[in-house]
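Predicted model only: the values in this text are computed from it and were never measured. Counting begins at 1 with the first residue of the sequence.
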Amino acid sequence: MSIFSSFDVNASGLTAQRYRMDVISENIANANTTRTQDGTPYRRKVVTFEQKEDQTPFSRVLNRKLDNYSGKGVRVSSVQEDTWNEMKKVYDPSHPDADQDGYVLYPNVNIVEEMTNLIDASRAYEANATAFNASKSMAIKGLEMSN
């Protein structure tokens with residue numbers, strides 16, 4: 001593995017965790033959104049990662065040399081709506097989105113869980129940034145020794 005491969009791995013981790021933090025922020029911002037464009041309450045979104053493939057069939061066929069530079073690391077595989085957690089049903093007959101019985105459906109966003117996920121994503125981002133800087137320092141030291 002070359003020094004540049006480590007840059008690719010760390011950069012993919014930084015990008016993926018930044019995207020995860022954006023989705024978590026969207027969940028927190030919409031924790032009380034009872035009506036979206038389609039008329040239903042906001043549903044929590046969850047980001048899923050997967051390992052990047054070392055080779056793609058396209059690059060393998062066209063140019064084997066490209067595989068030396070293809071990305072390694074992690075990528076966002078999907079962003080799904082959370083359908084396994086129930087929406088919160090709150091009695092509030094004065095709310096404009098209340099049903100005929102006076103209940104309002106609120107999003108299935110748990111602020112404590114989202115903040116915990118945000119801290120986790122932030123720490124993973126910091127770890128990738130630290131690893132990136134360590135790789136950069138090693139590359140600079142290697143260039144200094146060659147002089």
Asker: May I have the step-by-step check of side chain to side chain contact (heavy atoms under 4.5 Å, CB included) for Glu114 and Val109, ending in yes or no?
Answerer: CA-CA 7 Å; Glu114 296 300 323; Val109 175; 3.7 Å; yes
Asker: Under 6.0 Å from the OH atom of Tyr19, do we count more than 12 heavy atoms belonging to anything else shown?
Answerer: no
Asker: Test Glu144 against Lys141 for side chain to side chain contact (heavy atoms under 4.5 Å, CB included), laying out the working first.
Answerer: CA-CA 5 Å; Glu144 288 173 356; Lys141 284 290 184 192; 3.6 Å; yes
Asker: CD/Glu126 to OG/Ser122 distance, rounded to the nearest 0.5 angstrom?
Answerer: 4.5 Å
Asker: Do Val74 and Val76 sit in the same hydrophobic cluster, where Ile, Leu, Val, Met, Phe, Trp and Tyr count as joined when their side-chain heavy atoms come under 4.5 Å apart?
Answerer: yes
Asker: Please evaluate residues Ser94 and Asp92 with respect to the criterion side chain to side chain donor-acceptor pair (under 3.5 Å), reporting the C-alpha separation (whole Å), side-chain torsions for both, the decisive distance (0.1 Å), and the verdict.
Answerer: CA-CA 6 Å; Ser94 64; Asp92 185 2; 2.9 Å; yes
Asker: Do Ser12 and Asn10 get their side chains close enough for a donor-acceptor pair, meaning under 3.5 Å?
Answerer: no
Asker: Regarding Tyr42 and Asn32, do their side chains bring together a donor and an acceptor under 3.5 Å, going by distance alone?
Answerer: no
Asker: Hey, quick one: are Tyr125 and Ile119 part of the same hydrophobic cluster, counting side-chain heavy atoms closer than 4.5 Å, chains of contacts allowed?
Answerer: no
Asker: Set out, in order, the CA-CA distance, both residues' side-chain angles and the distance that settles salt bridge (charged side-chain N to carboxylate O under 4.0 Å, His left out) for Asp120 and Arg20, then state yes or no.
Answerer: CA-CA 10 Å; Asp120 180 52; Arg20 181 177 171 214; 3.0 Å; yes
Asker: Stepwise, does the side chain to side chain contact (heavy atoms under 4.5 Å, CB included) test hold for Asn108 with Arg43?
Answerer: CA-CA 6 Å; Asn108 56 350; Arg43 267 201 188 276; 3.7 Å; yes
Asker: At their closest point, which heavy atom of Leu105 faces which heavy atom of Thr34, and how far apart are they?
Answerer: O-CG2, 3.7 Å
Asker: Under a single-linkage definition using a 4.5 Å side-chain heavy-atom cutoff for Ile, Leu, Val, Met, Phe, Trp and Tyr, are Val23 and Ile28 assigned to the same hydrophobic cluster?
Answerer: no
Asker: Apply salt bridge (charged side-chain N to carboxylate O under 4.0 Å, His left out) to the pair Arg75 and Glu50, showing each step before the final yes or no.
Answerer: CA-CA 6 Å; Arg75 71 180 186 93; Glu50 72 180 8; 2.2 Å; yes
Asker: How long is the span from the CE atom in Met145 to the CD1 atom in Ile140, to the nearest 0.5 Å?
Answerer: 12.5 Å
Asker: Any sub-3.5 Å donor-acceptor pair from Asn30's side-chain atoms to Thr33's backbone N or O?
Answerer: no
Asker: Taking the inter-plane angle between the rings of Phe132 and Phe7 on a 0 to 90° scale, is it parallel (under 30°), tilted (30 to 60°) or perpendicular (over 60°)?
Answerer: tilted
Asker: Is the charged tip of Lys88 near the ring of Tyr106: under 6.0 Å from the six-membered ring centre and within 45° of its axis?
Answerer: no
Asker: Please give me the minimum heavy-atom distance between Pro107 and Pro41, naming the atom from each residue.
Answerer: N-CB, 4.4 Å
Asker: With a 4.5 Å cut-off on side-chain heavy-atom distances among I, L, V, M, F, W and Y, is there a chain of contacts connecting Met21 to Ile111?
Answerer: yes
Asker: At what distance, to the nearest 0.5 angstrom, does CD of Glu26 lie from CZ of Arg44?
Answerer: 12.0 Å
Asker: Just by distance, do the side chain of Thr116 and the backbone of Val112 share a donor-acceptor pair under 3.5 Å?
Answerer: yes
Asker: Decide yes or no on side chain to side chain contact (heavy atoms under 4.5 Å, CB included) for Lys45 and Asn27, but give the supporting numbers first.
Answerer: CA-CA 7 Å; Lys45 293 184 176 87; Asn27 289 340; 3.8 Å; yes
Asker: Tell me if a side-chain donor or acceptor on Asp101 pairs with a main-chain N or O of Tyr103 at a distance below 3.5 Å.
Answerer: no
Asker: If you round to the nearest 0.5 Å, how far is CG of Leu118 from CD1 of Ile24?
Answerer: 5.5 Å
Asker: Could you report the tightest heavy-atom contact between Val104 and Asp97, atom names first, then the distance?
Answerer: CG2-C, 4.3 Å
